[in-house]
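Working notes, structure below.
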Amino acid sequence: LLVPPAARHTLRAPSRCTVSMVDPLPCTEGNLISVLEECKAENDDMFGCHPRCAEIGITGDVDLVDIEGPFVTIALSGRFWHKRRTVLHRVGVHVSQRIPEIIEITLEDPEMAEDFEYNEDGELVLDKRSPDFNGDREMMAFNGYDPDQRGPFPDKNSLSFFV
């Protein structure tokens, strides 16, 4: 799955070299809605529908906007602890593995892929990230680690950082 270029914010389906343990589904609105719900359930450190996430200010959500053959449009809303491009990537991988006939996943608005909004003068107007409730995100970035690899909860995969 390719990271979308800055101007387009579109995901291409990954190569089919991975083996899925679940039977593929046809590309229908009902299946897409179900697969997005599955994705949210499996990524329990990313979406605001999980109590643990909601407690620390994660309100992020993903919704189906449109489906036109193998082309799907989604919307990201709310605040994410992870970078929005990481969220988009994980959603894209999950959806394309479950519904292999999907060729492209596009955001309804390219601004949905951005973590920050700036005004014409380059001043920060809006930070779309959830709060860095314990300072881990900034500390990991400062130390050269990608915070998105671990997520907001240190116990998720037993990776800890000490300073």
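When reading the values below, keep in mind they use all heavy atoms of this one structure, side chains included, and skip hydrogens, waters and symmetry mates.
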Name each donor-acceptor pair under 3.5 Å that joins a side chain in residues 65-78 to protein atoms two or more places apart or in another chain, with its distance.
none

Sidechain N-carboxylate O distance under 4.0 Å for D148, K83: yes
Any non-hydrogen side-chain atom of P154 less than 4.5 Å from a side-chain atom of D136? yes
Using a 3.5 Å distance criterion without hydrogens, assess whether the side chain of R129 forms a donor-acceptor pair with backbone atoms of W81. no
Between H82 and N43, is there a side-chain heavy-atom distance shorter than 4.5 Å? no
E55: partners by side chain to side chain donor-acceptor pair (under 3.5 Å), with sequence neighbours left out: none
Atom pair CG/CG of D127 and D132 - distance to nearest 0.5 Å: 10.0 Å
Do the side-chain N and O atoms of N119 and D121 include a donor-acceptor pair separated by under 3.5 angstrom? no
Tell me, with the steps shown, if R84 and L107 meet side-chain contact (heavy atoms from CB on, under 4.5 Å). CA-CA 11 Å; R84 287 171 164 266; L107 285 173; over 6 Å; no
Can a donor-acceptor pair be found, under 3.5 Å and without considering hydrogens, that links the side chain of D109 to the backbone of E111? yes
Please determine whether a side-chain nitrogen of the Lys or Arg among K128 and E117 lies less than 4.0 Å from a carboxylate oxygen of the Asp or Glu. yes
How close do S130 and G57 get, heavy atom to heavy atom, and via which atoms? CB-O, 3.3 Å
How would you list all residue pairs meeting side-chain hydrogen bond (donor to acceptor under 3.5 Å, both in side chains) that involve residues 27-40, not counting sequence neighbours? T28-N31, E37-K40, E38-H94, E38-R98, K40-D61
Heavy-atom side-chain proximity of N143 to M139 below 4.5 angstrom: yes
Indicate if V87 and F116 have the same hydrophobic cluster label, given that clusters are the connected sets of ILVMFWY residues with side-chain heavy-atom separations under 4.5 angstrom. no
Any carboxylate oxygen within less than 4.0 angstrom of a Lys/Arg side-chain nitrogen, looking at R90 and D45? yes
Are D44 and C53 packed together at the side-chain level, in the sense that at least one heavy-atom pair is separated by less than 4.5 angstrom? no
How long is the span from the CD1 atom in I102 to the CG atom in L32, to the nearest 0.5 Å? 4.5 Å
Would you say that F80 contacts D115 through its side chain, given a criterion of any heavy-atom pair below 4.5 Å between the two side chains? no
Stepwise side-chain contact (heavy atoms from CB on, under 4.5 Å) test for D63 and L36: CA-CA 7 Å; D63 292 299; L36 288 174; 5.9 Å; no
Shared hydrophobic cluster, L126 / Y118 (ILVMFWY, side-chain heavy atoms < 4.5 Å): no
Can you give me the closest heavy-atom contact between P147 and A141, atom names plus distance? CG-N, 4.1 Å
Heavy-atom closest pair, residues I99 and L25: CG2-O, 3.5 Å
Taking the inter-plane angle between the rings of F153 and F133 on a 0 to 90° scale, is it parallel (under 30°), tilted (30 to 60°) or perpendicular (over 60°)? tilted
Main-chain N/O of P152 paired to R137 side chain as donor or acceptor, under 3.5 Å: no
